[in-house]
Amino acid sequence: GKKSLRQKIVDELKHYYNGFHLLWIDTKVAARMVWRLLHGQVLTRRERRRLLRTCADLFRLVPFLVFVIVPFMEFLLPVFLKLFPEMLPSTFETESKKEEKQKKKLNAKLELAKFLQETIAEMAKRNKADTG
C-alpha cells in the first residue's frame, strides 16, 4: 500500500542510520586490516577488496556529508545521484540498486564470453582452412 509521509521519513532515517552504522563497522574492520598490514602480515584478496571498498566509501562520504549537513540540501541529493551514480557510499545502497548493478555486470560478462567464443570459433575455422 501507500505509505504516509511520516512513515516515508522514518524509513529514510532508518536507511541513513543503518548506512552509517554499516560504514562504521566496515571502518573498524579496515582499521584492523591496516594495523595487520603495518605489522607485516599479508591480506587475502577478499580482505584487500574490502579494504579498498571501505577506503573508497570513506572518500565518497565527504561530498555525501555536505548533503546531510547543509539544511534543505538533501532535496538535491536525488539530482546529484542521477548525475553521479557512484557518489553514494556502498553501505547506503538499496537492495534494488545492488541487484541492478549485479545484472549489469553479469550481462557484460555474458557479452564478453559470447565475443570470445565467436573469436575462438573463427580462429579454429581459419586454422582448419590453413592446414586443410
Side-chain angles (χ1 to χ4, degrees):
K2 221 168 176 183
K3 294 182 180 179
S4 67
L5 180 62
R6 183 179 184 277
Q7 187 61 40
K8 287 180 185 178
I9 291 171
V10 168
D11 289 344
E12 199 67 25
L13 288 174
K14 284 181 184 178
H15 179 71
Y16 285 122
Y17 173 78
N18 290 334
F20 278 115
H21 186 71
L22 289 172
L23 186 62
W24 172 249
I25 291 169
D26 281 350
T27 305
K28 287 193 319 186
V29 171
R32 282 190 224 126
M33 286 184 217
V34 170
W35 182 258
R36 286 178 38 210
L37 273 174
L38 292 174
H39 285 83
Q41 292 184 358
V42 179
L43 297 178
T44 63
R45 185 181 330 154
R46 175 187 271 173
E47 291 172 331
R48 199 175 16 230
R49 279 191 311 210
R50 186 170 185 173
L51 180 63
L52 288 174
R53 189 191 74 223
T54 303
C55 289
D57 284 347
L58 289 174
F59 284 120
R60 289 180 190 147
L61 186 65
V62 175
F64 179 67
L65 281 178
V66 171
F67 288 97
V68 174
I69 293 172
V70 175
F72 302 109
M73 187 86 168
E74 62 270 5
F75 295 120
L76 292 177
L77 186 60
V79 174
F80 278 89
L81 287 176
K82 286 290 184 190
L83 294 173
F84 308 104
E86 297 295 324
M87 184 181 90
L88 203 59
S90 65
T91 56
F92 289 87
E93 289 181 347
T94 60
E95 287 299 319
S96 61
K97 289 285 185 186
K98 287 180 184 177
E99 288 176 7
E100 185 179 315
K101 284 172 94 175
Q102 285 180 338
K103 285 180 183 177
K104 284 183 182 179
K105 284 182 182 180
L106 181 61
N107 284 336
K109 287 179 181 179
L110 288 173
E111 288 294 322
L112 180 62
K114 186 177 171 184
F115 171 74
L116 291 175
Q117 283 179 336
E118 291 172 358
T119 304
I120 290 172
E122 285 181 25
M123 289 174 63
K125 285 180 185 176
R126 282 190 211 153
N127 287 342
K128 199 173 190 181
D130 289 344
T131 57

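If you read the sequence from its start, that first residue is 1, and numbering goes on from there. Quick caveat, the model's predicted, so the values are computed rather than measured. Note: hydrogens, waters and symmetry copies are ignored here, and every other heavy atom, side chains too, is used.
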- [ ] Indicate, with yes or no, if F20 and L81 share a hydrophobic cluster defined by side-chain heavy-atom contacts under 4.5 Å among Ile, Leu, Val, Met, Phe, Trp and Tyr.
- [x] yes
- [ ] Following the transitive rule for hydrophobic clusters with a side-chain heavy-atom cut-off under 4.5 Å over Ile, Leu, Val, Met, Phe, Trp and Tyr, establish whether Y16 and L76 coincide in one cluster.
- [x] yes
Share the residues that join [X] in a hydrophobic cluster, the rule being Ile, Leu, Val, Met, Phe, Trp or Tyr side chains under 4.5 Å apart at the heavy-atom level.
X   : answer
I9  : L5, L13
Y17 : none
L22 : none

Would you tabulate the side-chain donor-acceptor contacts of residues 52-72 under 3.5 Å, counting partners in other chains and residues two or more places apart, or write 'none'?
residue, atom, partner, partner atom, Å
R53, NH2, D26, OD2, 3.2
T54, OG1, R50, O, 2.8
D57, OD1, R60, NH1, 3.3
D57, OD1, S90, N, 3.0
D57, OD1, S90, OG, 3.4
D57, OD2, S90, OG, 2.5
R60, NE, E86, O, 3.0

Taking side chain to side chain donor-acceptor pair (under 3.5 Å) as the test, write out the residues that go with [X], two or more places apart.
X    : value
K3   : D11
Q102 : none
N18  : none

Open item on the list: Are there over 12 heavy-atom neighbours, none belonging to K101, within less than 6.0 Å of that residue's NZ?
Closed with: no
- [ ] Could you tell me whether H15 atom NE2 has more than 12 heavy atoms of other residues or ligands within 6.0 Å of it?
- [x] yes
Side-chain donor-acceptor contacts of residues 37-44 below 3.5 Å, not counting sequence neighbours, with atom names and distances?
residue, atom, partner, partner atom, Å
H39, ND1, W35, O, 2.9
Q41, OE1, R36, NE, 2.9
T44, OG1, E47, N, 3.2
T44, OG1, E47, OE1, 3.4

Listed pairs under 3.5 Å, donor-acceptor, residues 107-124 side chains, sequence neighbours left out:
residue, atom, partner, partner atom, Å
N107, ND2, K103, O, 3.4
T119, OG1, F115, O, 2.8

Task: Residues in salt bridge (Lys or Arg N to Asp or Glu O under 4.0 Å) contact with E100, at least two apart in sequence or another chain - done: K104
